[in-house]
Amino acid sequence: MSSVGSPPVFRRPASAVRRATVGALVSSLAGSLLALAPATTAHAAPTLLSQGKTATASSTEGGAFSAGAAVDGDLTGTRWASAWQDAQWIQVDLGASATLSHAVLNWEAAYGKSYQIQASDNGSDWRTVTTVTAGDGGTDNVTLSGTGRYVRMNGLTRATGYGFSLWEFQVYGSTGTTGPTLPGGGDLGPNVHVVDPATPGIQAKLDQVFQEQESAQFGSGRHAFLFKPGTYNGLNAQIGFYTQIAGLGLRPGDTTINGDVTVDAGWFNGNATQNFWRGAEGLTLNPVNGTNRWAVSQASSFRRMHVKGGLNLAPNGYGWASGGYIADSKIDGQVGNYSQQQWYTRESTIGGWSNSVWNQTFSGVEGAPATSFPEPRYTTLDTTPISREKPYLYLDGSEYKVFAPAKRVNARGTSWAGGTPQGESIPLSQFYVVKPGATAATINQALAQGLHLLFTPGVYHVDQTINVNRANTIVLGLGLATIIPDNGVTAMKVADVDGVRLAGFLIDAGPVNSPTLLELGPQNSGADHAANPTTVQDVYIRIGGAGAGKATTSVVVNSDDAIIDHTWVWRADHGEGWGWETNRADYGVRVNGDDVLATGLFVEHFNKYDVEWYGERGRTIFYQNEKAYDAPNQAAIQNGSTKGYAAYRVDDSVNTHEAWGLGSYCNYNVDPTIVQDHGFKAPVKPGVKFHSLLVVSLGGMGHYNHVINDTGASTIPAGTSTVPSTVVNFP
């Protein structure tokens, strides 16, 4: 916003003494509250509800003093300041109705002499909770009572000639604790199959589940096989849809299968391009014939695996495959890429790699081929700039715990090469074990109690947003647990707090349009999370396919420093409930936060932009995209004077951005005459850099005029040959 009036040349700061006093008071209060959390009873200690939430105000003194600056957790560094007149307000949306206990107002030198604290259930009908008539600045700790979702500081009279100015507006209370206290821990439910070497009938159970799940692409079955530490002989674990297999050891070497963990494509006539939604992690394999087959496509992760032999990424018969992702793994022999169109491998050790097809990208991989793009199409970074491995369940003796790996910087090779990985172990007793039938209200109650979440395999309908508001919360899914938002709500929102970890689940859009499906941080988030970022790993988004679904924007990243590590954000192009308007979804991923890193980003088929990037210093290592197959005609994708919406667009306002290993494909099979002006769009600035880009026309079904902006050859001369057009570096 523009400033109100003419700002002074010198703005009088708070005195050094007062700053120290304010800091001490707030630190003391925060320390007292933290000592009481996480809460484990229905009468839980009040928690900070406002930090990182959406805040608005009647006015601002200027663009640097937005309402969000008063709820960002920066106690004396950023602030909200109003216009220089009385009757100004700032309010915060807590995200859900809360029982209010108190508010802490950390005033700057321009404080309120008189003001009200008001509450509202809907953001429009306000009731006054308390009134302060003789404010003297500093830090006010105001007792509140009652409930409300929205809380407002309604400033009546200023104490100075400036406006109202708050370093921080903190609202404390509790949400969702009106029922009985929810227990942590417990059993893992009927769809988690825990075995040890002495368990009878392991192969028979594996075979039974595979028969159910082999072709159940849009079914409701969800399964996890968890192998206790030990050695298992003669197994062939065939892994179908929505099935996870994992070792329960802290290290991959704790659990050994003398046999195979297999994905093939017999169900689809040898074509592996639809082998989605499955995963393997935390195991050592001794393949029977020396090579394990893992012929997958999107949304299929291979993590913390040690293959004492080779790994074949193609189906039997070497039909097409469209994967895939390996992380934190060791493959002693060669990885046979064969027919895989694209693949991303991160922080692993391999004995070699064969074939490149279109796009093979590596970061921090020992044994990876050197960069040689465009032929062979290898793009290799020596290290991954920042990473933190996915959390996982393991057994410590007889006790279940979740291991949360430590952050790594400029990482290369596996996190467990030196033995025990670095990180933190959290007892399962600190998790609410979510089972089918759980409601959103119960899930939010568990979060409000200070519990983490472990979703067991199943499908969960939520009629309200799951609000992850506490720093360092883990939300971990087993067996591709699936969350479906009802009535157009956003499935999950994360506050602008440190260290949240989301991993191992699928969000499936409901038939009523949701404005968003997953949000990291509210609008105008600005807290620094560089030391402890939020991570999103093996979290997949689907719109349509299992039935009609709609969402305007699937994923919105507002928080700074977030890491998006392996996601598939997919508007369905087959199954049930799909069509240009039937599963309308205009935008896939929108990044507003600064310093966001994406490693293994798959985003496909959106009606408009698949990825839009507005934040500064963003980085992407590997990107795979297909434009929407079902566009009815050229007019349907006309973007002003531009033909088509870019698969990946960096906004013109961005000064610094870098990306490696990006591919976009078109298959306009409804109208093959459609032409895209380009696959990628970015401002031409010294700080904006792209490496190893390509576009491909699949069988001549539509074409690209250029690769990025007006650079790169058209795919039209290639006709139906599916030969990519490439750009090595841009600009």
For Asp254 and Tyr394, run side chain to side chain contact (heavy atoms under 4.5 Å, CB included): C-alpha distance rounded to whole Å, both residues' side-chain angles, the deciding distance at 0.1 Å, then the answer. CA-CA 10 Å; Asp254 295 340; Tyr394 79 102; over 6 Å; no
Verdict with supporting geometry, Thr379 and Ser692, side-chain hydrogen bond (donor to acceptor under 3.5 Å, both in side chains): CA-CA 7 Å; Thr379 304; Ser692 303; 2.8 Å; yes
Could you walk me through whether Trp320 and Phe268 pass the ring-ring contact (aromatic ring centres under 6.0 Å, His included) check? CA-CA 11 Å; Trp320 285 111; Phe268 201 47; over 10 Å; no
Residues His574, Gln274; criterion side-chain hydrogen bond (donor to acceptor under 3.5 Å, both in side chains); working and verdict: CA-CA 10 Å; His574 62 273; Gln274 292 183 24; 3.3 Å; yes
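Look at Asp565 and Lys390 and you find no salt bridge, because none of the NZ, NE, NH1 or NH2 atoms lies under 4.0 Å from a carboxylate O. One finds a salt bridge joining Arg542 and Asp508 here, because a Lys/Arg side-chain nitrogen approaches an Asp/Glu carboxylate oxygen to under 4.0 Å. Looking at Lys627 and Asp573, no side-chain N of the basic residue comes within less than 4.0 Å of a carboxylate O on the acidic one, giving no salt bridge. Look at Glu658 and Lys689 and you find no salt bridge, because none of the NZ, NE, NH1 or NH2 atoms lies under 4.0 Å from a carboxylate O. A salt bridge links Arg408 with Glu347: at least one charged nitrogen is closer than 4.0 Å to a carboxylate oxygen.
Between Phe602 and Tyr540, the ring centre distance reaches or exceeds 6.0 Å. Note: Tyr623 and Tyr648 meet the aromatic proximity criterion, with ring centroids under 6.0 Å apart. Ring to ring, Trp358 and Trp343 are not that close: their centroids are 6.0 angstrom or more apart. Ring pair Phe227/Tyr232: centre-to-centre distance below 6.0 Å.
Atom-to-atom distance recorded for Ser348:OG and Phe302:CZ is 9.5 Å, nearest 0.5 angstrom.
Counting only residues at least two apart or in different chains, salt bridge (charged side-chain N to carboxylate O under 4.0 Å, His left out) contacts with residues 261-271 comprise Asp264-Arg293. A salt bridge (charged side-chain N to carboxylate O under 4.0 Å, His left out) check over residues 663-672, counting only residues at least two apart or in different chains, returns nothing. Residue pairs meeting the salt bridge (charged side-chain N to carboxylate O under 4.0 Å, His left out) criterion with at least one partner in residues 700-723, sequence neighbours excluded, are absent.
A cation-pi contact, defined as under 6.0 Å to the ring centre and within 45° of the axis, is absent between Arg571 and Phe606. Because its NZ or CZ atom is not both nearer than 6.0 Å to the ring centre of Tyr242 and within 45° of the ring axis, Arg278 does not count as a cation-pi partner of that residue. Figure legend: cation-pi geometry between Arg346 and Phe362 absent, as NZ or CZ is not positioned both under 6.0 Å from the six-membered ring centre and within 45° of its axis.
Between Arg649 and Phe680, the closest side-chain pair of non-hydrogen atoms is not below 4.5 Å.
A donor-acceptor pair shorter than 3.5 Å cannot be found between the side chains of Asp328 and Thr414. A donor atom on one side chain and an acceptor atom on the other are found under 3.5 Å apart for His605 and Glu626. In the model, Thr273 has no side-chain atom that pairs as donor or acceptor with a side-chain atom of Asn275 under 3.5 Å. Looking only at atom types and distance, the side chain of Asp207 has no donor-acceptor partner in the side chain of Gln211 under 3.5 Å away. Between the side chains of Gln624 and Gln341, no donor-acceptor pair is found at a separation under 3.5 Å.
When all heavy atoms of Pro287 and Asp260 are compared, the closest pair comes out as CB-OD2, 3.5 Å.
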